[in-house]
Amino acid sequence: MTTTDEPTPDDAALGQPNLTRIRLNVAYDGTNFSGWSEQPGRRTVQGEIEQALVTLFRRLGDVPTVTVAGRTDAGVHARGQVVHLDLTDAQIAQLQRPHRGMVDRTPLDAPTVLARRLNGLAGASDEIVVSGGRVAPPGFHARFGALWRRYEYRIADRGAERDPARRGHTLWYDQRLDLDLMNATAAGLLGLHDWAAYCRYREYATSIRELQEFRWRREADGVLVATVQADAFCHNLVRNLVGACVAVGEGVLPQHRAVGIRREAERNGEFRVVPAHGLTMVEVGYPPDDEVAARTELTQVKRSAAQVDE
């Protein structure tokens, strides 16, 4: 299981004839899931949603599958995940069909009905919520079309209020962390770089990413919150970035070493990756509807090391 936005082949990347592409916004509590991606014998977010689609459409030919903006690891949460799926005319018609006894026989809005029915099936345990749906613009692709992904990581360090109701979404850390040092470290890491030292190795996958935003704030209850935004993320990048800042903020890693480790392009154990449960995907950004097709096409061109500007 990996957390990565590395582009992968998609036969329906730009849609197919006689199919309607639907965009859905999804939130989930990742505590009891083995991540997003479907895995045999494991409970996953994708698995729950696609099993619900089987229930809805199994009598209407091929059951649709979902493509996600960014796959998340076991224990990682989401408030602003985005997925797409392609529906046939028959599947759209089924969703639009008014229920028996309805006075108004106007066809229903298919994406809205789909979201509601998925909430009744995949969301029956209240761990998954499909918060909205609409027909996607031409060329839309949940993964390839994204301009950026944004995550937050929550840490209750020593002195911060520890709310048991948010225990599953916040790392409790028994040391006082220096906010100013963590922000200085985060600012020094911004830019387009090769993040091999901060990512888990994956064969044939690029580790070049543009870190667009990385900052820390301390909320009124004392909890530290990191905001991390990039064009895409390779496996464990956010949790390693946070781990480096925690090590600096605790005083066990010199600030300059965060950049030095990145430049050396090799992980050496000077800091630890933080646990998954403090991490939440909060938003995915896309271009205007009339620009999504061009963005999708551009993103499918794999980046090379020659693009890195140190």
Side-chain angles (χ1 to χ4, degrees), residues 1-8 24-53 65-83 118-119 121-131 142-143 146 149-156 163-173 195 198-203 205 207 209 223 225-230 232-246 267 269 271-284:
M1 169 66 204
T2 59
T3 300
T4 176
D5 306 311
E6 177 67 22
T8 55
L24 298 174
N25 300 324
V26 183
Y28 47 87
D29 183 328
T31 302
N32 296 318
F33 291 107
S34 296
W36 166 267
S37 298
E38 189 169 11
Q39 302 172 65
R42 293 182 177 271
R43 185 168 181 258
T44 68
V45 182
Q46 181 182 15
E48 294 290 300
I49 293 174
E50 292 189 347
Q51 184 55 50
L53 292 171
T65 57
V66 293
T67 297
V68 69
R71 292 169 287 178
T72 50
D73 275 337
V76 176
H77 318 290
R79 296 201 305 267
Q81 182 68 274
V82 178
V83 306
L118 288 175
N119 281 328
L121 294 168
S125 64
D126 296 328
E127 294 167 288
I128 301 173
V129 174
V130 181
S131 58
R143 177 174 293 180
R149 288 91 169 159
R150 181 180 298 144
Y151 287 82
E152 286 185 351
Y153 196 95
R154 294 174 49 86
I155 302 176
D163 181 359
R166 303 198 70 174
R167 179 66 181 88
H169 295 73
T170 307
L171 173 65
W172 289 6
Y173 201 78
W195 296 98
Y198 283 80
C199 298
R200 180 174 294 180
Y201 173 76
R202 291 181 65 225
E203 190 174 9
S207 52
R209 299 289 188 269
V223 172
V225 180
T227 298
V228 190
Q229 177 178 307
F233 289 94
C234 48
H235 188 202
N236 277 355
L237 177 54
V238 180
R239 291 166 58 195
N240 275 305
L241 289 169
V242 171
C245 285
V246 168
R267 183 67 185 275
F271 62 86
R272 293 180 295 176
V273 60
V274 292
H277 70 273
L279 183 61
T280 300
M281 172 183 268
V282 295
E283 190 176 0
V284 184

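For clarity, every value in this text was computed on a predicted model and none was experimentally measured. These values consider heavy atoms only, across backbone and side chains, with no hydrogens, waters or symmetry-generated copies. Position 1 is the first residue of the sequence; numbering continues from there.
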J.: Rounded to the nearest 0.5 Å, what's the gap from CZ on R167 to CH2 on W172? Could you check?
T.: 5.5 Å

J.: Check whether any side-chain heavy atom of Q46 lies under 4.5 Å from a side-chain heavy atom of V66, and answer yes or no.
T.: yes

J.: Show the nearest heavy-atom pair for residues G243 and V274, with the distance to one decimal.
T.: CA-CG1, 3.8 Å

J.: Are any of the side-chain heavy atoms of V225 and V223 separated by less than 4.5 Å?
T.: yes

J.: Just so I know, are the side chains of L237 and V228 near enough to count as touching, which here means a heavy-atom distance under 4.5 Å?
T.: no

J.: Kindly compute the distance separating CD (E152) from CD (Q229), expressed to the nearest 0.5 Å.
T.: 11.5 Å

J.: Answer yes or no: is there a side-chain heavy-atom contact under 4.5 Å between L279 and V242?
T.: no

J.: Could I get the full list of side-chain contact (heavy atoms from CB on, under 4.5 Å) partners for E127, not counting sequence neighbours?
T.: N32, F33, R43, S125

J.: Should V45 and I128 count as side-chain neighbours, where that means a heavy-atom distance under 4.5 Å?
T.: yes

J.: Which heavy atom of C234 sits nearest to which heavy atom of W195, and what is that distance?
T.: SG-CB, 4.4 Å

J.: Could you tell me the separation between the CZ atom of R149 and the CE atom of M281, rounded to the nearest 0.5 Å?
T.: 7.0 Å

J.: Would a 4.5 Å heavy-atom cut-off, applied to side chains only, mark V82 and N25 as touching?
T.: yes

J.: Looking at A27, is its backbone amide N or carbonyl O close enough to the side chain of R79 to form a donor-acceptor pair, meaning the two atoms are under 3.5 Å apart?
T.: no

J.: Do the side chain of Q81 and the main chain of G70 share a donor and acceptor less than 3.5 angstrom apart?
T.: yes

J.: Looking at R166, I want to see if its CZ is surrounded by more than 12 non-hydrogen atoms of other residues, nucleotides or ligands under 6.0 Å.
T.: no

J.: Could you grab the distance from atom CZ of R200 to atom CG of D73, nearest 0.5 Å is fine?
T.: 7.5 Å

J.: Who passes ring-ring contact (aromatic ring centres under 6.0 Å, His included) against H277, sequence neighbours left out?
T.: none

J.: Nearest 0.5 Å, please: how far is OG1 in T44 from CZ in R71?
T.: 12.0 Å

J.: For the atom pair OG1 (T280) and NE2 (H77), what is the distance rounded to the nearest 0.5 Å?
T.: 5.0 Å

J.: Where do A276 and A74 come nearest, in terms of heavy atoms and distance?
T.: CB-O, 3.3 Å

J.: F271: which residues meet the ring-ring contact (aromatic ring centres under 6.0 Å, His included) condition with it, sequence neighbours left out?
T.: Y198

J.: Identify the residue among Y151, W36, Y28 that makes a side-chain hydrogen bond (donor to acceptor under 3.5 Å, both in side chains) with T72.
T.: Y28

J.: Using the side-chain contact (heavy atoms from CB on, under 4.5 Å) definition, which of the options L118, T65, L121 pairs with L53?
T.: L118

